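Below: one structure, written as structure tokens.
Side chains included, hydrogens not; waters and symmetry mates left out as well; all remaining heavy atoms used. Computed from a predicted model, the values in this text were never measured in an experiment. Naming convention: chains lettered A, B, ... in sequence-line order (proteins, then strands); numbering from 1 in each chain.
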Amino acid sequence: MLDILVPILSAAVRSGTPILYATLGEILTEKSGVMNLGLEGLMLMGAFTGFSVTFSTGSPWLGILAAFIVGALLTTVHAFLCITMGANQVVSGLALTMIGTGASSLLGRSYIGETIDGLEKFTVPILGRIPFLGDILFSHDAMVYISYILVFLLWWFFSMTREGLNLRAIGDSPRTADSVGLNVKRVRYIYTLIGGGIVAVGGAYMSVAYTKMWGDLMTAGRGWIAVALVIFAIWHPLRAAFGAYLFGGVEASQLRLQAAGTTIPTPLLLMLPYVLTIIVLVIISVRKGKGLLFGAPASLGQPFYREERE
Amino acid sequence: MRMLKIEKRLNLPLWLNLSIPLAAVTLALLTGGIFLGFLGVSPLKAYSEMLISSLGDSYGISETLVKAIPLALASIGVMLSFKMLIWNIGAEGQIFIGALATAAIVRYLPVSNPALMFILMFLSSAIAGGCWASVAGFLKARWQVNEIITTLMMNYIAIHLVDFFVYGPWRDPASLGFPMTPPFPDAARLMQFGNSRVHLGIFIAIIFAFLFYWLIGWTKWGYEIRVIGENPRAANFAGIDYVKNVVIVMFISGAIAGIAGMCEIAGLQGRLQHGFSASFGYTAIIVAWLARLHPLVILFVSLLMGALLVGGDSLQIVMHLPLSSILVIQGLILFFVLGGEFFRRYRIQFISRKDG
């Protein structure tokens, strides 16, 4: 039994990692009160940038860094429209997805069929020798380990630091935060851009470490799954990790079922992650309705104007 | 000292109402042109190619009309839900489900009378698309399940569901392995006009546009929807049933998108096949937003977007640019339109002020 389970769980961590980065990035953005629905486009641009820079420089780390920068730059447009101009955040996010999808596919034409060495796997000393857990958690590439650190870093940031508390105050009640002297718009800009960058890194992980090639529309809806996972995680980084690996697990077992030549038709297997997203979302929302869960930033999606009163 | 002064507009002059969307589209095309130039493609050549192919001759115009039909229908559908601030992003999936129901009728209930066949296909695609969308509507109304996510996930599910049938049980044995059903019989094809590919769907779109213009603007039901969209709390105090209205609106919204799917395969392609919709459901969202959720303006904007799609096709054929380049231009238009909203709401003035 363990012979089957350990490889699947290990694969779950790897396939969950791009979704985890995207979810963490969006949590950071949404905590400030800004909703970014452009994740799918940002991930695709991140995947393209990561691949093309790695391809031409030979360094996957430069690729990932470039993806972060491109992600943050693209998000600037969204941030400007939503934070400065008070535009509709849903529609602006959709526009971002369209541009990211279109631009990545247009720019990526010449890279189709190319491969890169990408990130190498290495086993963490000591931790990697723990039975089972070592194989599942500590025999991947560095970006997986960085994602573990990021999970705890964000958790610590939100709950233990002054900046984290300020950020949450701005997401919950910008008016109060403003009255105690916090610069609402500036903080929203900062975390929307950093969040967008992290989302793009999730995309870069797909091309630089996971598939080691570029494919048109290669994220296949993972950006949207991440949007749903933010709600599933009730904006908590540790729960985000759990959710991302759950989805990674579904993807990994679906690939194994296909490889094992199951009689279940492929299109039905491909539906699984999307069906699971809806089920998870319904369970969360029903429980929230009963008052069991709470965590959404109260001012999510609403622009803030200092001079206006509600 | 010169200063910027920003104040809320009380009324919007007509010239601004017209020039803001115009400026948005122009700026989007300019930015898109710079992007194309960056890729080594001459923007002038690309745009003139797009213009000539979509509006240059009668064939181009008829192709633009053909693309505008599903766009207009799906757009009327999403417009209705957007009016209530229900973010139905699922028109694409509803189009696929409508088409799936149409193909099911053709396969299991074929009648030889074209009029009866039309009614059967019309109703089944509407009911299927409507039920598909009202799942998300019910979840939203009852438990506040985020409808953006559910409708989007259901798009992926619908597309895979259609794939399941066209790759599996419904595949045409004579299709040489292509994922498509056998061609529909003549009775199941919508009437086409003259030598063009323009079909009956164009009248359905026009009728629906006027119907919903009247329903939204002039009936009690339309009034309730507008109140829910503008002030849900007031709607609640006024005794308007939120849950019921959300489910109904999502049903109608999905039904119209389902009909768009029926028109696309029964009017144009003559069979159900893998990936038959060129993202009409997503483009419909832009159309609805550009038209500021006005049913009659939607007809006009659908023609513009239809022309853009035809132009995109020819870019692909003539200049070998992927179809997704159109997505960039669409996204840019949306960005600039959103930016333009600011100038609708606020007036910016330069004022002189003495220091001290």
B:Ile326, part contacting chain A, at a heavy-atom distance under 4.5 Å = neither
query = So which of B:Ser324, B:Ala136, B:Gly339 has the biggest tally of heavy-atom pairs under 4.5 Å with chain A?
reply = B:Ser324
message = Distance check, rounded to the nearest 0.5 Å: A:Leu269 atom CG versus B:His160 atom NE2?
response = 10.5 Å
request  = Show your reasoning for whether side-chain contact (heavy atoms from CB on, under 4.5 Å) applies to A:Leu281 and B:Met153.
outcome  = CA-CA 11 Å; A:Leu281 207 57; B:Met153 292 295 119; over 6 Å; no
note = Rounded to the nearest 0.5 Å, the CD atom of B:Glu341 sits from the CG atom of A:Asn88 at a distance of 8.0 Å
request  = Measure distances from B:Leu139 to the heavy atoms of chain A and classify the residue's part below 4.5 Å as side chain, backbone, both or neither.
outcome  = side chain
request  = Starting at CE of A:Met98, measure out to CZ of B:Phe335 and round the result to the nearest 0.5 Å.
outcome  = 10.5 Å
remark   = Closest non-hydrogen contact found for B:Val328 with A:Ala103 is CG2-N, 3.3 Å
request  = Would you check, one step at a time, whether the test side-chain contact (heavy atoms from CB on, under 4.5 Å) holds for B:Ile148 with A:Trp224?
outcome  = CA-CA 9 Å; B:Ile148 300 173; A:Trp224 291 107; 4.3 Å; yes
Portion of A:Leu268 that has a non-hydrogen atom of chain B nearer than 4.5 angstrom = side chain
query = With only heavy atoms counted, which part of B:Ile89 is less than 4.5 Å from chain A, the side chain, the backbone, both or neither?
reply = side chain
inquiry  = Please classify the contact of A:Leu106 with chain B as side chain, backbone, both or neither, using a heavy-atom distance under 4.5 Å.
reply    = both
query = Between A:Thr97, A:Leu96, A:Leu217, A:Asp216, which has the largest tally of heavy atom pairs under 4.5 Å with chain B?
reply = A:Leu96
Portion of A:Leu37 that has a non-hydrogen atom of chain B nearer than 4.5 angstrom = side chain
task = Please round to the nearest 0.5 Å and tell me the distance separating atom OG of A:Ser285 and atom CZ of B:Arg142.
result = 11.5 Å
Considering all heavy atoms, the nearest A:Val282-B:Val145 contact = CA-CG2, 4.1 Å
query = Under a 4.5 Å heavy-atom cut-off, does chain B meet the side chain of A:Glu40, its backbone, both or neither?
reply = side chain
note = Heaviest contributor of heavy-atom pairs below 4.5 Å to chain A, chosen from B:Ile157, B:Asp163, B:Thr150, is B:Ile157
query = By a 4.5 Å heavy-atom criterion (distance strictly below it), what part of A:Thr277 contacts chain B: side chain, backbone, both, or neither?
reply = side chain
message = If I measure from the heavy atoms of chain B, does A:Val90 come under 4.5 Å with its side chain, its backbone, both, or neither?
response = side chain
remark   = Heavy-atom nearest pair, A:Ala95 first then B:Gly331, reads CB-O, 3.6 Å
message = If we define contacts as heavy-atom pairs under 4.5 Å, which of A:Ile278, A:Ile231, A:Leu272, A:Thr266 has the most with chain B?
response = A:Ile278
note = Taken to the nearest 0.5 Å, the spacing of B:Phe164 CZ from A:Ile264 CD1 works out to 11.0 Å
Residue part contacting chain A, namely of B:His274, when any heavy atom lies under 4.5 Å = neither
